[in-house]
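The basis for the numbers below is simple: all heavy atoms, side chains too, and nothing from hydrogens, waters or symmetry mates. Letters A, B, ... mirror the listed sequences (proteins, then strands); counts begin at 1.
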Amino acid sequence: MTLKGPPGTQDWLPERMAIRRAVVDRATAIFGAAGYAELAVPLFEETGLFERTSGESSEVVTKEMYSFRDRGDRAISLRPELTAGIVRAYLQHGLHKRPQPVRVFTCGTAYRYNRPQRGRLREFVQFDAEAIGSHDAAVDAELIALQMAWLEAIGMTGLELEVNSIDTPAARRLYVADLRDYLDRHAAELSDDVLRLRDTNPLRAFDTKHERSQAILADAPKITDRLSTEAAAHFAEVRAFLDARGVSFRVEPTLVRGLDYYTHTAWEIKWPALGAQSTVSGGGRYDGFAEVLGGPPTPGVGFAAGIDRIVLALEDQGIAGALVGPVAIDVFVQITEPAARPALHALLDRLRLAGVSAEADLAGRSDKGQWKHAERVGARIVVQCGPSDWAAATVTVRDRERGGSEAVALTRLVDDIVERIRG
RNA sequence: GUGGGCGUAGCUCAGCUGGUAGAGCACCGGGUUGUGGUCCCGGCGGUCGCGGGUUCGAGUCCCGUCGCUCACCCCA
C-alpha cells in the first residue's frame with residue numbers, strides 16, 4: 001500500500017455510504033416536513049469568523065483549526081463547525097426580513113485537527129439544523145423533539161437526552177466567579193487538570209475523570225441553582241414543551257457546550273455504548289452570536305449531529321443493514337454472442353428509460369461468469385442472447401422468481417419486461 | 001499535544017525457540033450441479049508499513065520512523 005488518505009480521514013465506500021445516505025435522508029424528511037429548508041454554506045470561511053464567534057480561548061479555535069493563507073493572502077480556515085457560516089449567511093443576506101424564525105438545515109463536512117480515535121475524525125460529517133430569529137422556548141423544544149424523532153426513526157435505542165441552561169454570558173460570569181472561589185477553597189485536593197481548567201474553562205471542570213476531584217465538585221455550586229429569573233423562566237418553558245410531547249430527558253446541571261457563544265438552553269444526546277466519544281448530537285441556544293459578528297441582536301438555536309458517530313452506533317446495534325433495503329436490479333442481460341453487444345447495450349438504455357433497472361456484463365466475463373454475476377446482483381429476470389438468439393432476432397427471457405423461460409422478439413423486449421415487472 | 005496496544009495478500013488472520021511466506025473469504029477461469037446463488041479443481045494476488053542495526057541468514061530480535069487503534073484531552 002503506497003497511497004493512503006491523510007490521518008483522521010475516511011473513505012465512505014458504497015456499503016457504508018448507503019447507510020449514511022439513509023440516515024441523512026431520514027433527517028431531511030423529518031425536518032423538511034416540519035418546515036425546515038435545506039441550504040449550503042462554504043466549507044471554508046475567513047478565519048476571523050470562527051475566532052470571533054467560538055471564543056479565542058476555546059480549544060477548537062486555538063489549536064484545532066485547519067488555517068492557511070490563500071493566494072490573495074486572506075486568512076482562511078476550514079470550518080470546524082457549521083453554525084458560524086449559517087449565521088453569517090443569515091446576516092449577509094438580510095434574512096431577518098423573512099418570516100422569523102428562519103429555519104434551515106444542512107449536511108456537510110467540518111474539520112478539526114485533533115488526535116483521531118473511535119468516533120472522532122479530522123474530517124467529519126454533521127447534520128445541522130438552525131432556527132434563527134426567535135426567543136421562543138418552543139423553538140428549542142421543537143429542535144430537540146425533531147432530533148429525537150429522527151434518531152428513533154432510524155432505529156436507535158438507548159439514547160440519553162441531557163438538557164441544561166447555561167444562562168446568559170453575563171449571568172454565567174457571576175456563576176463562574178463563584179465556581180472559581182469554590183475551586184480555590186479546595187485547590188489542595190484537586191487534580192492538576194482541574195486546576196488548569198479553573199483558569200481556562202471552569203465549567204468543564206465537572207467533566208474530570210479524577211475521582212477525588214469529582215467528589216469535591218459534587219458539592220460545588222451548580223448553575224441550575226442560580227439561574228437569572230429570565231433564564232429560569234425560559235428553561236422551565238422548554239421543559240414544559242418537552243414534557244407535553246412526551247420527550248423524556250434528564251436535567252444535567254454540569255452540561256456545557258464547547259463553543260463560547262451559547263446561552264440558555266444546551267443539550268446533548270448520548271449513546272453511551274459508543275465509547276469515549278459518545279455524544280451523538282449536541283445543540284444549544286446562541287442569542288449573542290449575531291452581535292459578536294457585528295449584526296443586530298438576533299436570537300438563535302441549533303444543533304449539530306455527528307453522522308459518523310450515528311453510523312457507528314447503528315453498526316454496533318446491528319441495525320444498519322435494515323436501513324438500506326436489499327440491493328437488487330430488475331434485469332441482467334447475458335450476452336454470449338459478441339456481435340449482439342452494441343444492440344443489446346443500446347436496449348439497456350431503453351429499459352432504464354422505462355424505469356427498469358438493467359445491467360449487462362462490462363468486464364468480458366464468460367457465459368457462466370455472466371450468469372453468476374446476474375445472481376450476485378440479484379437480478380430477477382435474466383435476458384439471454386446467444387448466437388442462435390441473435391440470428392433469429394430474439395432473446396430468451398428467464399424469470400428467476402417465477403421460473404420458466406420464453407423466447408421474445410428483440411423488438412418486443414422492452415414491453416415484455418415492463419409487463420413482467422409491473423405485473 | 002500525552003500515554004497503551006497493533007502493523008503479513010483487497011478482507012479476516014496463521015506463521016513455534018530467527019532459515020528465506022500460508023489459509024479462509026473475495027475476484028477470474030474450468031468442471032459439476034434438477035433452469036444452475038451448491039460442490040470440486042485451478043488461477044490472479046504480498047518490496048511481510050518504512051528505514052537502519054544485530055546475524056552466515058530476520059516476517060520472526062534491537063533502534064528509529066510512519067500509520068492504525070484505544071484512552072487522556074477536546075468535542076459532533
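Residues A/Asp389 and A/Glu337 have side chains not in contact (no heavy-atom distance under 4.5 Å, counting atoms from C-beta outward).
Classification of the A/Phe127-A/Trp150 ring pair by plane angle, with boundaries at 30° and 60°, yields tilted.
Between B/rC28 and B/rU33, the distance separating the two P atoms is 22 Å to the nearest Å. Distance noted for atom P between B/rA26 and B/rU12: 15 Å (whole Å). Rounded to a whole angstrom, the distance from the P atom of B/rG4 to that of B/rA76 is 29 Å. With P as the reference atom, B/rC44 and B/rG53 are 35 Å apart, rounded to whole Å.
Side-chain atoms of A/Ala276 lie closest to B/rA71 of the nucleotides B/rG29, B/rA76, B/rA71. Side-chain atoms of A/Arg196 lie closest to B/rC74 of the nucleotides B/rC74, B/rC28, B/rG1. Of all nucleotides listed (B/rU69, B/rC75, B/rU32), B/rU69 comes nearest to the side chain of A/Arg115. Comparing atom distances between the A/Arg204 side chain and each of B/rU69, B/rG30, B/rC75 picks out B/rC75 as nearest. Comparing B/rU32, B/rC73, B/rA76 against the side chain of A/Phe124 picks out B/rA76 as the nearest. Comparing B/rU69, B/rC74, B/rG31 by their closest approach to the side chain of A/Gln277 singles out B/rC74.
The base of B/rC73 sits with one of its N or O atoms less than 3.5 Å from a complementary donor or acceptor on the side chain of A/Gln117. Side chain A/Arg120 to base B/rC70: no donor-acceptor pair is found below 3.5 Å.
A close approach under 4.0 Å does not occur between any side-chain nitrogen or oxygen of A/Arg400 and OP1 or OP2 of B/rG37.
Between A/Asp243 and A/Arg239 there is no salt bridge, since no side-chain N of the basic residue sits under 4.0 Å from a carboxylate O of the acidic one. A/Arg88 has no carboxylate O lying under 4.0 Å from a charged side-chain N of A/Glu46, or vice versa, which leaves the two without a salt bridge. Salt bridge A/Asp207/A/Arg204: present, at least one basic N to carboxylate O contact under 4.0 Å.
Atom C1' of nucleotide B/rA76 and atom CZ of A/Arg309 are separated by 5 Å, given to the nearest angstrom. Between the NZ atom of A/Lys372 and the C1' atom of B/rG29 there is a distance of 10 Å, rounded to whole Å.
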